[in-house]
Amino acid sequence: MKDHVRRGQRARNAGQWVEAHAAYKAAFDAADPTTSTERERAEVAGELGLCEVALRRYRDAAEHLSRSLEQREALPDALRRRFEAGQREAAKHIATLVLGIDPPDAEVFIDGERIDQVARTYTRFFEPGKHMVRARAPGREEALHSFLGVAGAEHEITMQLPRAAASSAKEASSAREASRAKETATAAPASARRLPAARAQAPSPWASWPGTLRITGIAVTTAGVTVGTILIVRAGKLDDDLSARRDLLQAEPSSSASMCWHAPRNSPCGELARLQDARNTYGRAGLAAVITGGVLGAMTAASFLTDFSFLGVKPAGDRVNVSPVANGSELGARIEGKW
């Protein structure tokens with residue numbers, strides 16, 4: 001290691017940063033706790049970081065300088081100030097992540113790469129841009145978190161992995177089974193065993209009153225449109241009959257339009273008036289039924305895009321919510337919830 005350090009010092013003094021970096025990297029890899037002191041290893045890591053700053057490899061520089069300054073008490077003041085200045089320069093060009101994990105023994109993956117270290121808090125350095133953090137542990141739900149790294153900024157993230165629902169249900173089931181077995185063994189013979197209680201079923205999403213109204217709305221909409229269509233078809237048939245009778249009446253030589261104003265109801269003109277009234281009645285009723293069905297249908301469709309959680313019916317976080325979006329940059333629907 002010392003031979004590599006001397007070679008690195010000569011290259012650094014000559015301004016040959018590539019050669020100096022190669023020498024200090026070899027010294028860093030060759031460092032052995034059994035043959036080198038804590039101060040020597042801290043100096044090698046710091047000098048390697050300064051070479052990487054000179055070569056604009058800021059992420060690697062921040063990693064090595066941070067590792068060196070973890071042993072700042074063992075460094076001479078002059079070296080410590082040099083390394084701190086180098087770390088400040090590297091931090092201007094990278095994003096810093098301070099990550100807290102609970103439980104601390106969880107596996108942590110950053111951008112798909114597993115971190116071998118096990119700790120409650122991690123400090124890592126990244127190139128600016130989007131990054132993904134994933135953590136998992138036995139009996140816990142997996143946690144995901146993405147963040148946008150900003151050069152010169154420090155991001156603090158705390159990830160807590162809740163206990164998995166399946167694991168909690170399994171533990172509760174095991175406890176119930178053990179309790180049931182104990183009661184059976186101490187209180188009743190084998191022939192008097194009770195049947196296990198029926199497992200509660202999850203309520204249907206249509207069981208609440210919004211679901212009932214939606215079913216009612218669909219039924220009324222279908223009935224209204226169907227009845228309205230039938231009435232309109234009937235009005236059209238009556239209109240055809242009315243036209244045929246009017247043509248027949250006008251074809252008679254002794255008839256005229258003025259004769260039907262005060263004609264008796266049993267006369268041809270009276271029959272013509274009754275047909276006209278029936279046609280108008282069926283037409284208006286059919287049109288009203290179709291319009292009413294259409295309005296109810298639109299209201300029913302809109303209820304599927306409405307979040308009723310503000311009425312205390314069901315927490316919004318327990319399902320998927322769909323809401324329309326319309327602004328200067330977006331037009332469509334926003335879908336959010338627990339998947």
Side-chain angles (χ1 to χ4, degrees), residues 59 63 66 70 94-150 153-183 196-211 303-325 330 332-339:
R59 180 181 178 276
E63 293 280 357
S66 176
E70 288 176 358
I94 58 170
T96 303
L97 172 65
V98 179
L99 175 65
I101 297 292
D102 183 26
D105 59 345
E107 284 186 295
V108 180
F109 299 83
I110 299 181
D111 293 338
E113 182 179 350
R114 185 177 181 273
I115 298 179
D116 295 330
Q117 178 187 2
V118 176
R120 185 175 294 275
T121 303
Y122 301 86
T123 301
R124 289 294 182 270
F125 306 97
F126 300 92
E127 299 293 338
K130 192 171 185 179
H131 302 277
M132 175 68 71
V133 182
R134 180 166 64 97
R136 66 185 183 187
R140 304 271 184 160
E141 293 184 6
E142 187 174 285
L144 291 172
H145 190 95
S146 63
F147 70 97
L148 183 63
V150 179
E154 182 177 286
H155 306 271
E156 294 186 5
I157 298 175
T158 300
M159 299 177 67
Q160 293 184 344
L161 280 66
R163 293 189 178 276
S167 176
S168 301
K170 186 176 180 181
E171 293 175 1
S173 177
S174 300
R176 288 195 300 269
E177 291 293 338
S179 177
R180 188 180 298 115
K182 184 177 180 181
E183 291 176 359
R199 186 174 300 173
Q201 296 182 351
S204 169
W206 294 91
S208 60
W209 66 264
S303 72
F304 286 94
L305 304 179
T306 304
D307 181 9
F308 293 100
S309 61
F310 67 93
L311 297 176
V313 177
K314 187 175 182 182
D318 291 344
R319 61 186 178 87
V320 176
N321 298 323
V322 182
S323 57
V325 176
E330 293 178 298
R334 185 189 307 280
I335 307 175
E336 57 186 352
K338 181 181 292 185
W339 296 78

Distance-minimising heavy-atom pair for [X] and [Y]:
X: Leu148; Y: His155; result: O-CE1, 3.3 Å
X: Gly149; Y: Ala95; result: CA-CB, 3.7 Å
X: Ala137; Y: Leu161; result: N-CD2, 3.7 Å
X: Met159; Y: Leu99; result: SD-CD1, 3.9 Å
X: Phe125; Y: Arg59; result: O-NE, 3.0 Å

Distance from [X] atom [atom1] to [Y] atom [atom2], nearest 0.5 Å?
X: Arg124; Y: Ile157; atom1: CZ; atom2: CD1; value: 13.5 Å
X: Leu144; Y: Arg136; atom1: CG; atom2: CZ; value: 11.0 Å
X: Asp102; Y: Thr121; atom1: CG; atom2: OG1; value: 10.5 Å
X: Asp111; Y: Lys130; atom1: CG; atom2: NZ; value: 11.0 Å

*With sequence neighbours left out, write down each residue that passes salt bridge (Lys or Arg N to Asp or Glu O under 4.0 Å) with Arg134, or none if nothing qualifies.*
Glu142
*For Phe126, check ring-ring contact (aromatic ring centres under 6.0 Å, His included) against everything at least two apart and list the hits.*
His131, Phe147
*With sequence neighbours left out, write down each residue that passes ring-ring contact (aromatic ring centres under 6.0 Å, His included) with His145, or none if nothing qualifies.*
none
